[in-house]
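What follows is a set of notes on a single structure, which appears directly below.
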Amino acid sequence: MLKVSKIHDIGIAEVIYISIIEGNSNLRSLLGWHLQQVGYVTHQYGSIQQARNSLTTNPPTLVILDSDLPDGDGLEFCQWLYQSHQALILMLSAKITEKDVVKGLKAGADDYLKKPFGMQEFLGRVESLLRRFRVNNAPLVLDFGDLKIDLVQRRVEFRGEFIDLTPQEFSLLYVLSQAQGIPLSRSELLRKAWPEAIENQRTIDTHVLSLRKKIELDPRQPNLIQTVRNVGYRFNLEILQHQYQENFAPKNYQSKNQLPNSPYLGNGRVTTEKLLAKQI
């Protein structure tokens, strides 16, 4: 079975998002299941309209595109994807002549797979395309505004201050931050954060608790790393980028003793209870 590749030299499994646009619901589900089994996160669409409405808010790294869709021409949609998005495109088609393949590639597809195909060949094509993407687009620093994750130095900066994290906490934060707000189960977090480790899934809870103590305003009522009941955990980037900036931006306080007592703003006298009341 294929393994999810790691970012070079830092030992963290990548979180890759793949959109599947396929009119055949059975094939769409089958492709999604196999991709999820090797560690990818998938979004599935049965029509061009569904995909077009969602791709902007859920930008994928790779699009699996059927050339024959129920509400439009897959080749025309491929051209639109190529011109308006940065995603790789793997086209699937029952049209198998050389002329058909050339049309697909000229429309913007990075690869063309003829139907019917074997699942191992399909996964191999996906991995080959993503390997190309990793080499050309490996980031050095992930910048989420107030949160910056340096993948080379393995350091985390939050609101201008460096946070001292253990290697396990760093890997966990990286994986959560890359999930685009999607909840991840404990088993997914364990596999993606420490792919070569053999640990109990409950170890995730211990590391989440420790991480919350370092980056949450109130670890007892976490807003950044949220617990999703019966699923696992999600990282709330909306809070990080918007709500925290609105609620906790420095005001024109008359003295230093009036500055909020917050890990995001520095020392002061205002209590945690008063800060939390601002969010209600």
Side-chain angles (χ1 to χ4, degrees), residues 1-5 13-96 100-101 103-134 136-137 175 178-185 187-188 191-192 231 234:
M1 180 176 290
L2 294 169
K3 296 181 179 178
V4 181
S5 298
E14 292 177 86
V15 181
I16 296 291
Y17 297 87
I18 298 178
S19 292
I20 304 170
I21 309 171
E22 167 60 56
N24 185 316
S25 60
N26 292 330
L27 178 58
R28 185 169 68 244
S29 297
L30 181 64
L31 297 178
W33 185 85
H34 278 282
L35 289 170
Q36 291 163 16
Q37 293 306 297
V38 294
Y40 301 114
V41 178
T42 66
H43 297 103
Q44 301 180 26
Y45 311 101
S47 68
I48 289 175
Q49 187 62 42
Q50 289 178 1
R52 192 187 293 269
N53 291 340
S54 183
L55 285 175
T56 301
T57 54
N58 295 302
T61 302
L62 171 65
V63 175
I64 310 296
L65 176 62
D66 183 16
S67 67
D68 299 300
L69 291 160
D71 61 340
D73 185 351
L75 285 176
E76 291 182 1
F77 188 62
C78 182
Q79 289 178 322
W80 177 80
L81 277 174
Y82 177 76
Q83 294 169 359
S84 59
H85 289 70
Q86 296 297 315
L88 297 164
I89 303 170
L90 172 57
M91 180 167 284
L92 310 179
S93 181
K95 299 175 180 178
I96 60 175
D100 293 322
V101 176
K103 282 183 178 179
L105 296 175
K106 284 187 174 182
D110 295 279
D111 197 0
Y112 191 103
L113 185 57
K114 303 173 185 177
K115 296 180 180 180
F117 51 81
M119 198 52 59
Q120 290 303 308
E121 180 183 4
F122 167 74
L123 292 174
R125 298 286 188 102
V126 168
E127 182 67 15
S128 177
L129 285 172
L130 291 174
R131 192 182 306 120
R132 220 184 301 164
F133 168 80
R134 294 184 187 103
N136 295 330
N137 297 275
V175 171
Q178 288 290 278
Q180 297 184 335
I182 297 174
L184 298 176
S185 68
S187 61
E188 287 177 305
R191 184 177 72 249
K192 295 177 187 298
V231 180
R234 71 179 290 268

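Keep in mind that this is a model prediction, so the values were computed, not measured. Count residues from 1 along the sequence.
- When all heavy atoms of N24 and E22 are compared, the closest pair comes out as N-OE2, 2.9 Å.
- One finds the NE2 atom of H34 at 11.5 Å from the OG atom of S29 (value rounded to the nearest 0.5 Å).
- F122 meets the ring pair (Phe, Tyr, Trp, His ring centres under 6.0 Å) test with F117; sequence neighbours excluded.
- The minimum heavy-atom distance linking Q36 with R191 is given by the pair O-NH2, 4.3 Å.
- With values rounded to the nearest 0.5 angstrom, C78 atom SG is found 4.0 Å from I89 atom CD1.
- Under the 4.5 Å side-chain criterion, counting only non-hydrogen atoms from C-beta, L31 is in contact with L92.
- Contact check for Y40 versus L62: no side-chain heavy atoms found under the 4.5 Å cut-off.
- The environment of NZ in K106 is sparse: at most 12 heavy-atom neighbours from other residues, nucleotides or ligands sit within 6.0 Å.
- One finds the CD1 atom of I21 at 5.5 Å from the CG atom of L65 (value rounded to the nearest 0.5 Å).
- Side chain of S84 to backbone of W80: a donor-acceptor contact under 3.5 angstrom is found.
- One finds a salt bridge joining D68 and K95 here, because a Lys/Arg side-chain nitrogen approaches an Asp/Glu carboxylate oxygen to under 4.0 Å.
- Exactly one of S19, S54, P60 qualifies for a side chain to side chain contact (heavy atoms under 4.5 Å, CB included) with H43. That residue is S19.
- Looking at E76 and I48, their side chains never come closer than 4.5 Å, going by heavy atoms from C-beta outward.
- No side-chain heavy atom of I20 sits less than 4.5 Å from a side-chain heavy atom of L27.
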Go through the steps to decide whether I16 and I18 satisfy the test side chain to side chain contact (heavy atoms under 4.5 Å, CB included), and finish with yes or no. CA-CA 7 Å; I16 296 291; I18 298 178; 4.1 Å; yes
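- Here CG of D71 is found 7.0 Å from CD of Q49. Values are rounded to the nearest 0.5 Å.
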Worked check of side chain to side chain contact (heavy atoms under 4.5 Å, CB included) between R28 and S25: CA-CA 5 Å; R28 185 169 68 244; S25 60; 3.6 Å; yes
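- Taking CZ of R125 as the start and CG of L129 as the end, the distance is 8.5 Å to the nearest 0.5 Å.
- Residue D110 holds its CG atom at 10.5 Å from CE of M91, rounded to the nearest 0.5 Å.
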Please test K115 against D66 for salt bridge (Lys or Arg N to Asp or Glu O under 4.0 Å), starting from the C-alpha separation and ending with a verdict. CA-CA 10 Å; K115 296 180 180 180; D66 183 16; 3.1 Å; yes
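- K114 pairs by the side-chain contact (heavy atoms from CB on, under 4.5 Å) definition with I96, V101, Y112, not counting sequence neighbours.
- When all heavy atoms are compared, the tightest approach of G74 to L69 is CA-CD1, 4.5 Å.
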